[in-house]
Amino acid sequence: MAAKQRATARGAVLFVVLASAAFAVSGPLARYARPVHPLFIAFGRVALAAIALSVLDLRVLARSIARLSLRERAAVLCAGLLLAAHFALFLWGLDRTSVPAALSLISLEPLAVVLCAWVFFGVRPARSEQVGVLLATAGALLVARGAGAGDHRLSGDLMVVGAAVLYGLYVSFARALRDALPTRSYAALVYASAAAFLAAALPVAPGALEGVAPPPPHAAVAIVALALVPTLLGHTAIQAAARRMSPAVVALVSPGETLGGILLGALWLGAVPSATEVAGAAVILAGATIAIFGSRASAAASAG
């Protein structure tokens, strides 16, 4: 039993490290893809990921689609719509604010999941989760105080916060589909749905199709990398892990993404965070960590 627990713990640590690394490249890669419009970047990353997953499991995917009820197919489309809006807001917000600010605020995602579970499913957060939400909210307000310095803009901050909220809605909504589809089929269908919604938005978004026929070589490389690493590897790994690991372990990826992304942005893009952004990020990460570990302790107490 002890050996099995140690193996489980090692697997959890390995998952958190690798998934955090996969997500950490998302913000810097998206910023590197400039001047391509963020909406086109969002479309490219989910469309390429959907194609790759579909090719890997075409027969299984076809069988999975055939077995879905009308209600489940509608749920897939709704999950795709939420994911499309999440990516669009995050990448648009990232384009309008500083890299450190965007990556600090996106670490509110685990707390958005807690709040959405409370609002829509009546799952009342534990005391530690409530403390974490309040602390992270204070950190978000502190990050917002840095708006106006350098690339940091409040409009971009608000978009990223909106993306975090939409992610909480997406996770809450997608719970109903976990038993209906295999992991890869679920991911392929949701990515394809998200790509369809984003494709419909491209012609009506001002400037979204400028300079993309073809995109600059560096932007094309960045979009392909976004599809392969944070989308195909990162998000698909999260979807698989959510079925067999505790929510607290899965949620630890978000703080890891923030720390890794800020470090990579500073080293690669020269996006060095201001003192206010560093302080706000530290408070948000503290709040997220308190909520995550408090959630795990509550779950363990309930199980005991």
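Just so it is clear, the model here is predicted, and its values are computed rather than measured. Position 1 is the first residue of the sequence, and the numbers go up from there.
- Ring pair His86/Tyr167 is tilted by interplanar angle, where 30° to 60° counts as tilted.
- Val119 meets the side chain to side chain contact (heavy atoms under 4.5 Å, CB included) test with no other residue; sequence neighbours excluded.
- Listed by first then second residue, pairs satisfying ring-ring contact (aromatic ring centres under 6.0 Å, His included) with a partner in residues 56-85 number zero, not counting sequence neighbours.
- Sorted by first and then second residue, the side-chain hydrogen bond (donor to acceptor under 3.5 Å, both in side chains) pairs involving residues 196-224 (not counting sequence neighbours) form an empty list.
- Under the ring-ring contact (aromatic ring centres under 6.0 Å, His included) criterion, Phe90 pairs with no residue at all, not counting sequence neighbours.
- Residues satisfying the side chain to side chain contact (heavy atoms under 4.5 Å, CB included) criterion with Ala47, sequence neighbours excluded, are Phe43, Ala195.
- Applying the side chain to side chain contact (heavy atoms under 4.5 Å, CB included) rule to Ala84 yields the partners Ala194, Phe197, Leu198; only residues at least two apart in sequence or on another chain are considered.
- Chaining together hydrophobic side chains whose heavy atoms lie under 4.5 Å apart places Leu259 alongside Leu285.
- Qualifying side chain to side chain donor-acceptor pair (under 3.5 Å) partners for Ser98, counting only residues two or more places apart in sequence or in other chains: Glu277.
- Judged as a salt bridge (Lys or Arg N to Asp or Glu O under 4.0 Å), not a single pair has a partner in residues 36-55 (not counting sequence neighbours).
- By the side chain to side chain contact (heavy atoms under 4.5 Å, CB included) test, Leu108 is found to be paired with Leu105, Leu111, Ala136, Ala140, Val161, Ala164, Ile284, residues two or more places apart in sequence or in another chain being considered.
- The backbone N or O of Val17 sits nowhere less than 3.5 Å from a side-chain atom of Ser20 that would complete a donor-acceptor pair.
- Leu89 is not listed as a side-chain neighbour of Val160, based on a closest heavy-atom distance of 4.5 Å or more.
- Of the options Leu53, Val60, Ile65, a side-chain contact (heavy atoms from CB on, under 4.5 Å) to Ser185 is made by Val60 and by none of the others.
- Side-chain atoms of Thr276 never come within 3.5 Å of backbone atoms of Val143 as a donor-acceptor pair (strictly under, hydrogens ignored).
- Not counting sequence neighbours, Tyr191 has no partner by the ring-ring contact (aromatic ring centres under 6.0 Å, His included) test.
- Residue pairs meeting the salt bridge (Lys or Arg N to Asp or Glu O under 4.0 Å) criterion with at least one partner in residues 25-39, sequence neighbours excluded, are Arg31-Asp151, Arg34-Asp95.
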